[in-house]
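Reading through the structure tokens given below for one structure.
By convention in this document, chain letters (A, B, ...) are assigned in the order of the sequence lines, proteins followed by strands, and residues within each chain are numbered from 1. As the structure is a computational prediction, the values presented were derived from the model and not from experiment.
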Amino acid sequence: MQKRTHMAGELSEGVVGSKVTLAGWVARRRDLGGLVFIDLRDRSGIVQVVFNPRIAPEAHDRAERLGSEDVVLVSGTVERRPPGTENPSIPTGTVDVVADAIEVLSKSKTPPFYITEDLDADELLRLRYRYLDLRRPDMQRNLIFRHRLTMAVRRFLDSRGFIEVETPMFIKSTPEGARDYVVPSRLNPGKFYALPQSPQLFKQLLMVAGFDRYFQIARCFRDEDLRADRQPEFTQIDIEMSFVNRDDVLALTEDMMAASIEETLGVPVATPFPRLSYAEAMERYGSDKPDTRFGMELCDIGKAVEGSGFRVFREAVAGGGKVAAIVAPGCGGFSRREVAELEDMAKEFGAQGLVSIAVSRGEEGGLDFRSAVRKFLSEEELREIVRLTGADDGDLILISAGPSPVVQNVLGRLRLHLGSRLGLIPGNKMAFVWVVDFPLLEFSEEEGRIVAVHHPFTAPLDEDLYFLETNPLAVRANMYDLVMNGVELGSGSIRAHRRDVQERIFRALGLGPEEVQEKFGFLLEAFEYGAPPHGGIALGFDRVVMLLAGRKTIRDVIAFPKTQRAICPMTGAPGPISREQLEELHIEVVNGERIDPASNARES
RNA sequence: GGAGGCGUGGUGUAGCUGGUCUAACAUACCUGCCUGUCACGCAGGAGAUCGCGGGUUCGAAUCCCGUCGCUUCCGCCA
């Protein structure tokens with residue numbers, strides 16, 4: 001067998017006259033009876049091969065019997081195409097390879113879907129035959145781009161003195177955070193490892209160990225429900241640094257993003273990134289991961305309606321809640337049904353209702369208002385609302401009233417919905433923003449207690465330390481999220497490395513000394529042996545790649561992802577294991593049935 | 001756990017206010033013809049009991065109920 005000499009996509013007029021040998025897949029065959037053309041595809045691209053019975057009868061004869069996706073080795077001469085037969089739509093369109101020999105290395109069955117750029121096949125089918133899906137040029141581009149970005153990040157961090165260290169995959173389960181994936185221990189009956197949700201504690205220990213600057217392209221696991229941007233296993237760029245403050249971490253991250261994007265996409269990225277406080281993000285965008293590519297910001301109109309005749313508004317303000325609005329530009333003509341859809345959406349997000357006011361300008365420039373609650377609102381109020389929101393002729397004002405978090409959430413989501421529906425979001429823009437000063441603690445309704453917003457090792461802001469004992473929910477954390485285009489790319493914090501501060505946080509969380517010792521004893525012990533001040537960040541690498549590659553789901557930038565039910569249609573994972581395996585692992589499966597805690601009886 | 005969308009030859013869709021639907025179109029596939037095509041073209045052919053189960057009806061791809069799968073979102077994701 002001859003050896004490959006060139007890649008298909010590399011051929012150009014520069015090598016006209018050369019003898020070449022190519023290897024690849026038959027992307028397409030065009031049999032004109034006499035002449036046979038095939039488009040030969042390899043990783044680099046496509047080139048047309050011509051089989052002429054007068055030049056190479058045997059090769060032509062074989063070419064007539066080729067099928068889609070057969071793997072072939074072709075030898076021939078690169079020739080300039082006859083004038084008028086060039087194909088400007090492919091990069092190699094000015095040349096042909098005139099074949100003198102072809103060898104079929106491997107036949108292919110007819111593939112279940114087309115191996116083409118713009119495939120619109122069922123995702124289940126794509127995953128079932130992922131190796132064919134990944135043969136498609138756009139998927140190859142995605143994974144190659146991911147590789148380039150990985151390399152750029154590694155190069156950058158290396159140049160800044162970071163050391164890549166691998167941390168264990170089999171770790172101890174801690175009750176905080178997401179649900180753990182769990183691995184049974186054969187050598188320790190009844191005990192389980194957990195797969196890491198992130199290398200958090202280990203990277204902090206590496207700081208104690210004196211590595212100073214650590215990073216890892218780390219696989220992480222979380223057993224939670226899936227989304228377009230969430231897979232059960234995913235990859236983080238995990239970073240930790242010693243002797244730094246918040247600004248150091250933010251600047252490093254900005255430099256890393258800018259350098260790797262400039263290197264891979266050739267697009268300049270302006271730094272520093274804008275910063276918003278958590279409070280401001282919620283006020284202006286109704287989200288802690290604001291999409292800052294477009295306006296339509298929330299507007300507090302509490303002042304305008306605190307004395308309103310409309311009870312819902314008046315009571316919201318009086319009750320310490322909020323009345324706020326967004327303006328949907330040009331939507332004043334929305335039908336009753338369209339408005340009702342927005343109301344339904346608002347209710348889905350927790351609102352009691354949604355007030356809409358259509359604004360129009362009369363002949364003499366006077367403003368007219370159309371609203372279901374028109375009669376409850378005074379002319380003065382309406383004018384003030386218009387003044388505050390900046391609404392004008394043809395606009396639709398949407399108002400939500402109630403507890404602040406609900407109002408912000410509802411309007412924030414409506415903003416996103418309308419922004420996308422009205423085409424207000426520029427698709428080619430990269431809008432980075434830092435969200436900082438998150439609350440350190442929050443009250444969990446579900447658990448009925450105070451929990452850490454980020455994790456229990458996040459340092460409070462120095463100026464808020466005092467509140468830990470007096471008003472713990474008011475304490476702001478020295479923490480930061482990086483957001484791009486409304487997607488949370490990552491978050492991090494400066495850690496609490498001082499034992500006394502750490503103990504005060506645990507107290508605020510309601511954790512007793514024994515519990516702390518049991519859960520995090522090893523870390524606290526480490527901190528007693530000279531822990532440097534440190535902090536870091538972790539970026540969701542799949543999401544970064546997704547956004548930069550312009551895809552809508554991280555599945556498109558992961559070689560072998562899972563479906564929404566967390567299964568792999570290609571391999572069939574997860575699957576059952578044998579009786580023997582189970583016994584070795586000291587595990588009993590109860591028919592896949594849930595054990596009813598109310599009774600000792602088991603389904604047989 | 002909840003809400004929405006989708007499920008029809010290999011693939012992508014149409015049909016879905018019940019009755020020439022004996023299921024249509026495109027493409028892929030098979031056969032034949034064709035020496036400059038490039039989504040090659042032309043002619044012919046094979047291929048689907050309409051995700052599955054039940055119900056309503058004289059009659060169901062079409063209506064109803066259930067169920068399964070994919071997907072988007074809510075909850076969840078320190």
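Using a 4.0 Å heavy-atom distance criterion, Asp31(A) is classed as a base contact. If you check every strand for non-hydrogen atoms under 4.0 Å, Arg413(A) touches sugar and phosphate atoms only. Using a 4.0 Å heavy-atom distance criterion, Ser198(A) is classed as a base contact. Among the atoms of the strands shown, none is found under 4.0 Å from any heavy atom of Val451(A). Base contact: Pro82(A) has a heavy atom under 4.0 Å from a base atom. Using a 4.0 Å heavy-atom cutoff across all strands shown, Asp120(A) reaches sugar-phosphate atoms only and no base atom. Note on Glu117(A): nothing from the nucleic acid sits closer than 4.0 angstrom, heavy atoms only.
Side-chain contact annotation: Asp180(A) with Ser173(A), donor-acceptor N/O pair under 3.5 Å present. Side chains of Gln197(A) and Arg179(A): a donor-acceptor N/O pair is absent below 3.5 angstrom, by distance only. For the residue pair Gln216(A) and Asp238(A), no side-chain donor N or O sits within less than 3.5 Å of a side-chain acceptor on the partner. Judged purely by distance below 3.5 Å, without hydrogens or angles, the side chains of Arg551(A) and Thr553(A) never pair a donor atom with an acceptor atom.
In this structure, the separation between CZ on Arg28(A) and CG on Asp39(A) is 7.0 Å, given to the nearest 0.5 Å.
The C1' atoms of C70(B) and G12(B) are separated by 16 Å, rounded to the nearest whole Å. The gap from the P atom of G47(B) to that of G9(B) amounts to 15 Å, rounded to the nearest Å. Between C40(B) and C34(B), the distance separating the two C1' atoms is 10 Å to the nearest Å. Nucleotides U37(B) and G32(B), compared at atom P, are 24 Å apart to the nearest Å. Separating the P atom of C42(B) from that of C25(B) is a span of 15 Å, rounded to the nearest Å. Going from the C1' atom of U11(B) to that of A48(B) covers 13 Å, rounded to whole Å. Distance check on atom C1': U56(B) versus C64(B) gives 7 Å, rounded to whole Å. Here, A61(B) and A23(B) have their P atoms 11 Å apart, quoted to the whole Å.
Set against U35(B), U37(B), C70(B), the side chain of Pro53(A) has U35(B) as its closest nucleotide. Closest to the Arg565(A) side chain, of the nucleotides U11(B), C70(B), U35(B), is C70(B). Listed nucleotides: C70(B), U35(B), G75(B). Nearest to the side chain of Leu124(A): C70(B). For Asn87(A), the side-chain atoms get nearest to A39(B) when compared with the rest of C76(B), C40(B), A39(B). Side chain of Gln48(A), nearest nucleotide from G10(B), C76(B), G36(B): G36(B). Nearest to the side chain of Arg227(A), among U11(B), G75(B), C38(B), sits G75(B). Distances were taken from every side-chain heavy atom of Ser68(A) (C-beta onward) to each of U72(B), C29(B), G36(B); the shortest belongs to C29(B). Out of U11(B), U37(B), C77(B), the shortest distance to the side chain of Asp96(A) is found at U37(B). With C40(B), C70(B), C77(B) as the candidates, the nucleotide lying closest to the side chain of Arg30(A) is C40(B). When distances are taken from the side chain of Thr553(A) to each of C70(B), C73(B), U72(B), the shortest belongs to U72(B).
Look at Phe37(A) and the base of U37(B); the rings stack, centres closer than 5.5 Å and planes less than 30° apart.
One interatomic measurement links the two molecules: CG of Asp556(A) to C1' of U71(B), which rounds to 13 Å at whole-angstrom precision. As a whole-Å value, the separation of Arg28(A) CZ from A28(B) C1' is 10 Å. Here C40(B) presents its P atom at 13 Å from CD1 of Ile38(A), a figure rounded to the nearest Å. When the P atom of C29(B) is taken as reference, atom NZ of Lys107(A) falls 11 Å away, rounded to whole Å. For the pair Ile46(A) CD1 and A39(B) C1', the interatomic distance rounds to 12 Å; values are reported in whole Å. In this structure, Phe113(A) atom CZ and G9(B) atom C1' are separated by 18 Å, rounded to whole Å. Taking atom CD of Gln564(A) as the reference point, atom C1' of C6(B) lies 13 Å away to the nearest angstrom. In this structure, CG of Leu125(A) is placed 17 Å from P of A28(B), rounded to the nearest angstrom.
Under the side chain to side chain contact (heavy atoms under 4.5 Å, CB included) test applied with Leu22(A), the options Leu11(A), Val72(A), Val78(A) reduce to a single match, Leu11(A).
In this entry C70(B) has G5(B) as its Watson-Crick or G-U wobble partner, both defining distances falling under 3.5 Å. Summarising the base pairing, C77(B) is matched to no nucleotide, lacking a Watson-Crick or G-U wobble pair whose two defining distances lie under 3.5 Å. The pairing partner recorded for A24(B) is U13(B), the criterion being a Watson-Crick or G-U wobble arrangement whose two distances lie under 3.5 angstrom. Figure legend. U57(B) is base-paired to no nucleotide; pairs are counted as Watson-Crick or G-U wobble with both atom distances under 3.5 Å.
Heavy-atom neighbours of Phe334(A) CZ from other residues, nucleotides or ligands within 6.0 Å: above the threshold of 12. The number of heavy atoms from other shown groups lying within 6.0 Å of CZ (Arg499(A)) is above 12. Sparse packing is recorded around CZ of Arg128(A), with 12 or fewer heavy atoms of other residues, nucleotides or ligands lying under 6.0 Å away.
Not one side-chain nitrogen or oxygen of Arg555(A) sits closer than 4.0 Å to the OP1 or OP2 atom of C70(B). For Thr110(A), no side-chain nitrogen or oxygen approaches OP1 or OP2 of A28(B) to under 4.0 Å.
Looking at Asp122(A), its side chain has no donor and acceptor atom pair within 3.5 Å of the base of G7(B). Below the 3.5 angstrom threshold, one finds a donor paired with an acceptor across the side chain of Arg54(A) and the base of U35(B). At a cut-off of 3.5 angstrom, counting only N and O atoms as typed in the model, there is a donor on one side and an acceptor on the other between the side-chain of Arg81(A) and the base of C38(B). No N or O donor and acceptor, one from the side chain of Arg222(A) and one from the base of C77(B), sit under 3.5 Å apart.
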